[in-house]
There are 2 protein chains.
Amino acid sequence: MTSATLVPVFAALGDETRWSILAALGEGDASASALAGRLPVTRQAIAKHLAVLQQVGLVEPVRVGREVQYRVVGAELSATARRLDAIGAEWDRRLGIIKEIAEGL
Amino acid sequence: MTSATLVPVFAALGDETRWSILAALGEGDASASALAGRLPVTRQAIAKHLAVLQQVGLVEPVRVGREVQYRVVGAELSATARRLDAIGAEWDRRLGIIKEIAEGL
DNA sequence: CGCCTGTGCAACTCAATAGTTGCACTGCGG
DNA sequence: CCGCAGTGCAACTATTGAGTTGCACAGGCG
C-alpha cells in the first residue's frame, strides 16, 4: 500500500507549481536541475516541491549516476481518485435518500 | 457546469478542518453556528471555510428562515474524482508505453 | 588530479491563510 | 416592541509555506 493519507495528497495537489512539475515530468523523468531549466523557479524551490510530492507518494526518485531523476507515480493519482470518488458517491447516495424522503416516495 | 478549476478544489480539500466540516455536513445540512457547536473552532473560522468550500462548488448555501444552512455537493466531489482519475490513467498509459519500449517489446 | 555540474542543507524574506476577538446589523419569538 | 440568536464585516495575530540566496559537498569527465 503506497497510499498516503488522503488530506496531505490533496494539499500537495493544491499548488499550481507542483502541477507544472508533474506536467513536465509527464514528458519524461527529469532531475530537479533539469526541471529548473524549464520552469520559472529556482532549482531549490523545485527540490522542495519534489520532496513534498515524494512524501505523499505522487513521485519517486531514481538515482541515475550522480543525478536524482524523478518519475510520476500514476497509480497514486488513480488511487486518490478512487477514494475521492467513493466519498462523492456516498454523499450522492445520502442526498438521494434525503430527496426520496422529502418527496414522500 | 458547476465544476470549478481543478487546482483550487484540491487546495480546498487539503485542509483537515474543512474535511471535518464536510463530515459534519454529511450528518445533515447545518448552519455555521450549528457547526461551531460541534467543532473546536469559532463560528467565524467555520464561516471562512464554508466560503472557500462554496467558492469551489463543494458546498452550497440554503436559506432557511433567517439562517443559512449549507449542503454538500457530492456531484462536485465525484466530478473532481473523475478528472483526477483521467489524469492518473493517462500517466499509467504513458508509463506502460515506456515500459514496453524499455523491454524491447 | 582538478574542475564543473548536480545535489543537499540552512537561513532568510514575503505572502497567504487559519484562527481569533470585537462590533454592527437583521429578523423571528415572546 | 424588545431581546436574543444568527449572520456579516473588519482588524489583528501567528503560523505555514513558497521562493530566494548562499554555501558546502560529492562524483564524473577532460
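Just so we're on the same page: letters track the sequence lines, and every chain starts at 1.
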### Task
Work out which heavy atom in B:I46 is nearest to a heavy atom in B:L35; give both atom names and the distance.
CD1-C, 3.5 Å

### Message
Taking 4.0 Å as the cut-off, does a side-chain nitrogen or oxygen of A:T17 come that near to OP1 or OP2 on D:dG19?
### Response
yes

### Task
Write down the distance between CD (B:Q55) and P (C:dA18), rounded to a whole number of angstrom.
12 Å

### Cluster link A:V56 to A:W19, ILVMFWY, side chain under 4.5 Å
yes

### Message
For A:E67, is there an ion pair with A:R63 - N to carboxylate O distance below 4.0 angstrom?
### Response
no

### Summary
For B:R71, the side-chain hydrogen bond (donor to acceptor under 3.5 Å, both in side chains) test, sequence neighbours excluded, returns B:D29

### Query
Does any donor-acceptor pair link the side chain of A:K48 with the base of D:dG17 at a separation under 3.5 Å?
no

Collect all protein-nucleotide pairs involving nucleotides 7-9 of chain C in which both atoms are nitrogen or oxygen and the distance is under 3.5 Å.
unit_1: C:dT7; atom_1: OP1; unit_2: A:V68; atom_2: N; d: 3.1
unit_1: C:dT7; atom_1: OP2; unit_2: A:S33; atom_2: N; d: 3.3
unit_1: C:dT7; atom_1: OP2; unit_2: A:S33; atom_2: OG; d: 2.4
unit_1: C:dT7; atom_1: O4; unit_2: A:R43; atom_2: NH2; d: 3.4
unit_1: C:dG8; atom_1: N7; unit_2: A:R43; atom_2: NH1; d: 3.2
unit_1: C:dG8; atom_1: N7; unit_2: A:R43; atom_2: NH2; d: 3.4
unit_1: C:dG8; atom_1: O6; unit_2: A:R43; atom_2: NH2; d: 2.8

#### Entry: Whole-Å distance separating the CG atom of A:D15 from the P atom of D:dG19
6 Å

### Task
For residues A:L50 and A:I21, determine if any side-chain heavy atom of one lies less than 4.5 Å from a side-chain heavy atom of the other.
yes

### Task
Measure from CD1 on A:I46 to P on D:dA18 and round the result to the nearest Å.
13 Å

### Message
Please report the distance, rounded to the nearest Å, between CG in A:L50 and C1' in D:dG19.
### Response
14 Å

### Query
Expressed in angstrom and rounded to an integer, what is the separation of B:D29 atom CG from D:dG6 atom P?
16 Å

### Task
May I ask you to verify if any side-chain N or O of A:T42 is less than 4.0 angstrom from the OP1 or OP2 atom of D:dG19?
no

### Under-4.0 Å side-chain N/O to phosphate OP1/OP2 contact, B:H49 with C:dT17
no

#### Entry: Side-chain heavy atoms of A:V7 within contact of B:D15, under 4.5 Å
no

